Amino acid sequence: MTDIDRVDGLVKATGAARYAADHRFDDLAHGHLVLSTIGKGTITSMDVAAARRAPGVLAVFTPFDALPLHGPITIGLAPILGESRLPLQQPGDRSVGYHGQIIGLVIARTWEQARDAAALFKTEYAAQQPQASLRDGTPEALPQWKRMEILADGVRGIDEALESSHAVAGGTYSQPPKHHNAMEPHATVAIWQGERLTLHSATQGPAAHSWEMAAALGVEEKNVHVVCPHVGGAFGGKATTWAPAVLAAAAARECGVPVKIVVTREQLYTVTGHRPAVYQTVRIGAARDGAVNAVKFDAVSSVSRAGGVVEFPGRVALTAYKTPNLYVDNRGVQLDFPPSTIMRAPTDEPGSFAMESAMDELAVELGMDPIELRLKNDLIVAFPRPPEESRSLPFSSKHLDECYRVGAERFGWDKRRATPGTVRDGDWLIGLGMSAGVLGASRSPYAMRVMFRANGTVAVDTASADLGTGLRTVLAAVCADSLGIPVAKVKAGLGDSTLPVERSTPYSGYGAVGSGSTGKAAPAVREVAQAATKALIEHAITHARSPFQGMDPAGVRYEDGVLRAGDRAVGFGELLTLTGTREMGASEVSKPEPGPSQYTFASFVAHFCEVRVNRWTREPRLSRFLAIADAGAIVNVKTARGQIAGSVAFGVGHALLEGTRIEAATGRTANANLADYLIPTNADLPNIEVHFLNHPDTALSPVGARGIGELGTIGSAAAVANAIYNATGKRVRDLPITIDKLLA
Ligand code: MOS
């Protein structure tokens with residue numbers, strides 16, 4: 001465990017870090033996307049003559065003047081994670097599936113010229129009424145997810161189990177669609193040199209991005225080079241390749257100049273994905289002593305007719321609480337709405353809000369302390385993820401009970417009064433709430449390269465990306481620790497599709513997704529660092545100019561950057577200089593133990609929130625927040641703490657602020673900007689205190705680190721809602737919890 005600053009902190013803080021859109025070239029042209037202004041229908045005509053004549057315009061592409069590629073992106077997870085159809089492909093494809101669909105592209109000398117020309121488009125439509133709201137649609141069975149019903153002996157149905165319970169609590173919990181809103185917009189700069197394409201693209205997985213681009217453009221994968229050393233936030237929105245990147249590369253090929261497309265803030269709301277809207281009905285039944293007897297979880301998620309993911313929040317019930325009777329169903333509603341994708345704890349964020357709110361309601365119903373209720377129903381044997389495996393397996397390492405106890409102690413939970421509205425400070429009603437969160441973990445093959453260099457440094461490389469989450473720092477810290485050298489001597493490389501990548505599983509190449517980077521990369525660094533050390537010793541005993549030449553490998557040992565044998569001690573840099581070798585090491589794929597796992601792997605968190613609600617205006621203000629996380633071994637405390645604090649901030653956003661507003665009549669996104677789409681700023685947040693238990697999960701990997709990134713988002717919205725209930729007696733089940741709902 002280390003506690004170091006970000007290794008890329010200085011370049012970011014000083015502005016030296018270059019993001020995709022920062023790349024400039026003398027002959028660089030700029031693309032501007034033109035989007036549909038109806039929610040459903042057909043384009044009847046497009047008059048682009050004025051746009052073509054506008055100053056600086058190099059090309060105009062529309063469905064009438066196609067920009068042909070080679071079909072949709074169909075590799076890896078692309079069609080699952082994003083749109084299933086690319087725009088501007090077939091001449092004559094004039095259908096509009098959602099408001100804000102790409103219907104044109106202007107390429108011009110400057111961005112302003114492209115934007116101004118785009119404003120000269122005259123587009124006529126035959127418009128139809130879109131079905132853009134979740135409640136307008138009819139729930140359908142989803143192919144992705146089966147209904148699941150487990151009943152105790154003699155119980156005929158979940159409703160019977162609920163009815164026979166001493167207490168039943170719950171309700172319908174809903175939330176609007178939400179957008180990632182990364183600081184850095186999606187951007188691609190595409191440069192062709194003959195057959196070879198270089199892309200400066202904002203992406204979570206440079207390798208998968210290169211494969212998807214190659215497939216879409218019909219070129220060989222080896223000819224596509226993606227470079228993205230820095231990514232300014234992603235949150236799932238940059239996991240897959242979206243149309244603007246493909247269009248930039250295709251337009252650059254067509255026009256014979258490098259092309260840059262930066263998606264505007266408003267356009268980000270319809271062309272690069274969002275989290276689906278969700279409503280979920282949860283009922284939990286329990287005996288008088290609090291033992292849960294039945295959980296019924298019925299979730300409905302929106303999904304675009306144009307493709308994308310659904311949320312299946314009922315999944316949280318499989319890893320949450322012990323129950324003899326369990327029913328989970330997840331359905332989808334198809335909408336004339338932009339394609340959705342994964343976003344910040346997909347599925348777990350809405351699911352945990354419902355589950356943890358319902359548990360709080362059950363505690364009220366039973367007159368029981370919410371921590372006692374959770375301890376009473378602590379789950380030991382769970383259904384691992386993915387849920388297709390119907391086997392139940394014990395958690396490999398679970399210390400959620402300790403999270404509750406440590407948190408209660410540190411937060412002063414004993415001062416909480418169960419009766420709402422009883423603690424006041426002047427005009428402010430004070431409430432305390434808590435909740436829990438579970439984040440599935442896994443290990444999969446992970447490619448890593450560790451090279452000793454003649455200049456005395458070590459390079460550690462993998463083709464993932466650092467989204468601002470700290471992976472570069474983790475690679476450097478684990479590598480330095482494994483080799484016994486200072487972090488300053490390690491150069492961590494990522495954000496490049498030519499770096500080592502493993503391709504054997506569907507997720508390979510997708511880089512930084514699913515909070516899996518540290519858990520997978522840390523053991524890979526350690527394993528490959530050991531292999532690199534072995535290779536270095538082998539080099540030392542075989543090279544003619546090495547002082548160790550001819551020695552028995554057992555007699556030569558590597559220690560803290562130095563090779564030793566008897567009284568001989570030579571640093572690796574010196575050795576490589578002596579042998580005239582620039583670098584020496586290992587590039588390998590680190591794999592988990594073969595065979596099916598015997599465990600369910602997951603990280604856990606307990607959230608504690610104190611809220612102050614003004615008794616007249618009902619304005620809620622958070623005054624304290626504490627998260628106690630059980631995420632296995634903590635590799636680097638400072639970046640890990642940042643991960644949890646940041647993801648708790650997302651939870652606060654979900655609870656109080658975030659939501660994409662859709663105009664029902666048109667399907668238009670009404671708040672497609674950061675002034676109207678609210679996310680928490682520092683002034684909205686208290687100091688978010690984070691504490692880690694640090695119990696290594698050695699069943700998962702020798703390092704024992706599990707996922708952290710999304711953990712803080714899971715359950716934290718419920719902690720806020722539960723605190724608001726404790727302050728006011730008002731239970732809000734529809735997110736975000738805005739003042740009007742508290743006044744009602
Ligand atoms: Mo994360 S939503 O898996 O990028």
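Predicted model only: the values in this text are computed from it and were never measured. Computed from heavy atoms alone, side chains included, the values below leave out hydrogens, waters and symmetry copies. Every number for a ligand or one of its atoms is a count from 1 in the order of the listing.
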Self-check item: Heavy-atom nearest option to atom 2 (S) of ligand 1, drawn from Arg275, Arg344, Lys238
Solution: Arg344

Self-check item: Numbering as shown, the atoms of ligand 1 that approach Val513 to under 4.0 Å (heavy-atom distance)
Solution: 3 (O)

Quiz item: Does some side-chain heavy atom of Pro229 sit less than 4.5 Å from a side-chain heavy atom of Arg472?
Solution: yes

Self-check item: N or O pair under 3.5 Å between Gln204 and ligand 1
Solution: yes

Quiz item: Would you say Gly514 has any N or O atom under 3.5 Å from an N or O of ligand 1, going by distance alone?
Solution: yes

Quiz item: Using a distance-only test with no angle check, is there a side-chain donor-acceptor pair under 3.5 angstrom linking Gln175 and Glu658?
Solution: no

Practice problem: For ligand 1, indicate whether the residue Ala234 contacts it via side chain, backbone, both or neither (heavy-atom separation under 4.0 Å). | Solution: neither

Practice problem: May I ask you to check whether over 12 heavy atoms, not counting those of Tyr599, lie within 6.0 Å of atom OH? | Solution: no

Quiz item: Which atoms from ligand 1 have a heavy atom of Pro346 less than 4.0 Å away?
Solution: 2 (S)

Quiz item: Side chains of Glu266 and Thr264: donor-acceptor distance under 3.5 Å anywhere?
Solution: no

Practice problem: Can you pull out the closest protein heavy atom to atom 1 (Mo) of ligand 1? Residue, atom name and distance to 0.1 Å, please. | Solution: Glu710 OE2, 3.4 Å

Exercise. Compute whether any side-chain donor of one residue and acceptor of the other, for Thr518 and Arg706, lie under 3.5 angstrom apart.
Key: no

Quiz item: Does any N or O atom in Ala512 lie less than 3.5 angstrom from one in ligand 1, N or O only?
Solution: no

Quiz item: For residues Ser201 and His209, is any side-chain donor paired with an opposing acceptor at under 3.5 Å?
Solution: yes

Quiz item: Is ligand 1 less than 4.0 angstrom away from at least one heavy atom of Ala239?
Solution: no

Quiz prompt | Proximal atoms of ligand 1 relative to Met343 (non-hydrogen, under 4.0 Å) | solution = 2 (S)

Quiz item: Side chains of Asp22 and His200: donor-acceptor distance under 3.5 Å anywhere?
Solution: no

